[in-house]
Amino acid sequence: MAVLTSNIDTGSETFRRNAEDFESRRDAVERARQAAVAGGGDRAHRKHAERGKLTARQRISRLLDPGTAFLEIGQLAAHDVYDQPVPSAALVTGIGVVAGRLVTVFANDATVKGGTYFPLGVRKHLRAQEIARENGLPCVYLVDSGGVYLPLQEDLFPGEHHLGRIFRNIAEMSGAGIPQIAAVMGSCTAGGAYIPTMCDEAVIVRGTGTVFLGGPQLVKAATGEVVDAETLGGADLHTRVSGVADHFAEDDEHALDLVREIVSRHPAPPVTEPPVPPQEPLYDPAELPGIVSAGLREHIPAREILARLLDASEFSEYRARYGTTIVCGTGRIGGFPVGVVINDGILFPDSSLKAANFVELCVQRDIPLLFLHNINGFMVGSQYEAEGIAKHGAKLVNAVSTARVAKFSIVIGGSYGAGNFAMCGRSMGPRLMAMWPSGSSTVVGAEQTATVMALIRKDQLAKQGRTLTAEEEQAIRQPIVEAYEKQSQPAYFGARLWVDAVIDPVETRDWMTLSLAMAAGSPKQETRFGVFRM
Ligand code: COA
């Protein structure tokens with residue numbers, strides 16, 4: 001493999017300007033992250049602690065093997081979405097190591113609105129289950145939830161991808177031999193009661209864990225019976241009388257020990273080790289913020305990025321002299337082989353064909369793919385339409401859609417329009433998708449959209465014999481530009497689960513190493529490409 005070299009001048013004005021711009025974007029993400037990990041307010045935390053309960057994040061850190069990483073999914077979910085703060089959508093999810101095995105963890109945060117499910121909480125739960133299913137990861141549910149957030153029921157109950165899908169997923173994954181384990185560490189009411197009862201094995205904590213279809217208030221209203229929560233659905237009842245749960249835990253710590261023990265009994269393979277020892281890149285990933293450009297129209301040198309992400313900065317480039325606006329090739333991250341596709345300009349017919357061909361090769365050789373987006377889209381204009389840019393782009397979208405090797409996607413710069421699809425955007429089903437704070441994505445750029453909308457209006461007015469004044473044009477452009485800029489931001493993407501995580505460039509190697517380990521241990525799938533339009 002060739003060793004990449006770097007020509008970046010870290011003392012240059014451009015480097016300084018890029019790093020400075022990146023810093024302000026990182027600050028915006030950091031503010032959202034801090035709000036997310038803070039959970040509910042002080043009062044809710046006090047009440048939670050007085051009940052002898054650990055917080056959702058404490059539970060997860062005590063569940064995982066000491067010193068191992070936690071790849072959090074949807075940390076920024078619901079940030080600034082509802083008319084009240086709902087940090088992390090009242091649910092902490094992610095991938096971590098328990099008893100030497102990779103598992104997916106789901107922990108309700110009862111300090112946020114009683115751990116209830118908001119629409120984005122349901123979406124987040126379903127997304128984490130999708131990741132678990134695709135990668136064959138056991139699921140551990142640490143349940144502490146008031147069930148549906150009742151005022152928003154219409155957005156999370158009746159539909160196909162709403163609450164009930166959580167239970168169907170549990171049943172289907174259990175059927176597929178993917179362990180489903182629950183620990184009831186708080187309230188588990190109504191629909192929520194189906195999480196532990198549908199799981200293969202369930203633990204329940206004395207004094208705090210309850211499972212019932214209707215709580216004491218509802219029972220009183222419905223039948224007149226007066227009963228306290230512990231008698232109605234506590235740990236003693238469910239492990240001694242009803243059989244709704246299997247294991248009695250004295251407290252949270254004990255419940256987490258029992259869960260670890262259940263996971264360790266499962267014959268799932270241990271976390272896959274890399275085939276060769278990991279090596280650090282020759283160039284420091286901390287330099288990446290100075291390389292990703294401040295202006296979205298400026299070029300980001302693809303090989304400079306790779307020199308700071310790949311093991312030993314080694315890269316075996318595919319067709320380096322052909323279709324040069326996209327760079328494809330193989331390298332390693334954390335000792336795992338990976339096929340990389342990274343933009344180095346606009347997509348032309350030749351670059352599209354080259355990338356489609358490279359995806360095919362990775363499928364043939366069973367190499368996972370990493371797409372690094374910095375793409376304004378496909379080239380437009382009569383020459384390129386005549387050359388069939390549409391059908392060449394379609395070939396790449398076809399290959400990316402149907403390739404059944406693990407695909408990972410990171411938006412490092414712009415990601416616009418069909419370029420987003422070709423680079424394995426969210427709709428193409430990457431195993432995991434992330435965005436750097438420097439990322440930005442909308443269907444078309446803000447300025448271009450504003451221009452298109454102003455032109456449409458001009459044409460309409462021209463038919464009436466009128467012209468658009470400068471003020472009228474500005475009144476059309478400004479709200480569009482403002483809305484697009486807001487919607488293109490990483491925190492906005494993270495809040496709506498359009499990406500699984502917003503990660504820092506320096507975290508990217510660790511994030512990818514765990515992702516590649518997960519992919520290496522996951523069930524193999526057969527690829528059947530669609531018909532390529534030649
Ligand atoms: N829908 C909407 N809001 C809910 C809710 C629900 N299902 N469950 C709780 N909340 C809200 C409360 O109104 C409260 O809001 P506030 O902080 O603005 O006052 C917050 O969540 C915390 O609830 P609270 O009852 O004060 O906390 P708690 O820790 O003492 O009890 C529960 C938590 C979940 C045990 C309790 O609220 C409860 O039993 N909720 C109803 C559960 C239910 O019947 N769900 C059926 C839906 S499927």
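As the structure lists them, so they are numbered: ligands from 1, and atoms in each ligand from 1.
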Identify the closest protein heavy atom to [atom]: which residue and atom is it, and at what distance?
atom                    : result
atom 16 (P) of ligand 1 : Lys113 NZ, 3.6 Å
atom 24 (P) of ligand 1 : Lys47 NZ, 3.8 Å
atom 22 (C) of ligand 1 : Gly114 N, 3.8 Å
atom 2 (C) of ligand 1  : Tyr149 CD1, 3.3 Å
atom 19 (O) of ligand 1 : Arg43 NH2, 4.6 Å
atom 8 (N) of ligand 1  : Thr116 CG2, 3.6 Å

Please identify which atoms of ligand 1 are closer than 4.0 Å to at least one heavy atom of [X].
X      : result
Thr189 : 43 (C), 44 (O), 45 (N)
Arg51  : 28 (P), 29 (O), 30 (O)
Ser187 : 35 (C)

Ignoring hydrogens and geometry, is there a side-chain-to-backbone donor-acceptor pair from [X] to [Y] under 3.5 Å?
X      : Y      : answer
His125 : Phe106 : no
Asp252 : Leu54  : yes
Asp500 : Ile73  : no

Given [options], identify the one with the heavy atom nearest to [atom].
atom                    : options                        : result
atom 6 (C) of ligand 1  : Leu213, Asp144, Thr111, Val148 : Val148
atom 41 (C) of ligand 1 : Gly40, Gly41, Cys188, Gly146   : Gly146
atom 1 (N) of ligand 1  : Leu163, Leu150, Leu218         : Leu150

Verify the contact flag for [atom], where contact means a protein heavy atom under 4.0 Å away.
atom                    : answer
atom 37 (O) of ligand 1 : no
atom 34 (C) of ligand 1 : yes
atom 26 (O) of ligand 1 : yes
atom 12 (C) of ligand 1 : no
atom 44 (O) of ligand 1 : yes

Salt bridge check, [Y] against [X]: does any charged N sit closer than 4.0 Å to a carboxylate O?
X      : Y      : answer
Arg477 : Glu447 : yes
Asp144 : Lys53  : yes
Glu30  : Arg33  : yes
Arg165 : Glu160 : yes

Under 3.5 Å, N or O to N or O, is [X] touching ligand 1 that way?
X      : answer
Gln217 : no
Ser145 : no
Ala190 : no

Please name the residue in the list Val92, Leu63, Val97 that meets the side-chain contact (heavy atoms from CB on, under 4.5 Å) test with Phe70.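 Only one of Val92, Leu63, Val97 forms a side-chain contact (heavy atoms from CB on, under 4.5 Å) with Phe70, namely Val92.
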
For Gly39 and Pro87, the nearest pair of non-hydrogen atoms, with its separation, is O-CG, 3.3 Å

### Query
For Asp228, does the CG atom sit with more than 12 other heavy atoms under 6.0 Å from it, leaving out its own atoms?
yes

For Glu172, does the CD atom sit with more than 12 other heavy atoms under 6.0 Å from it, leaving out its own atoms?
yes

Report task. Begin from the C-alpha positions of Asp257 and Arg62 and carry the test salt bridge (charged side-chain N to carboxylate O under 4.0 Å, His left out) through to its verdict. Result -> CA-CA 9 Å; Asp257 284 345; Arg62 297 204 187 181; over 6 Å; no

- request: Would you confirm whether the ring centroid of Tyr82 sits within less than 6.0 angstrom of the ring centroid of Phe118?
  value: yes

Does the residue Pro151 have a heavy-atom contact with ligand 1, meaning some pair of atoms that are separated by less than 4.0 Å?
yes

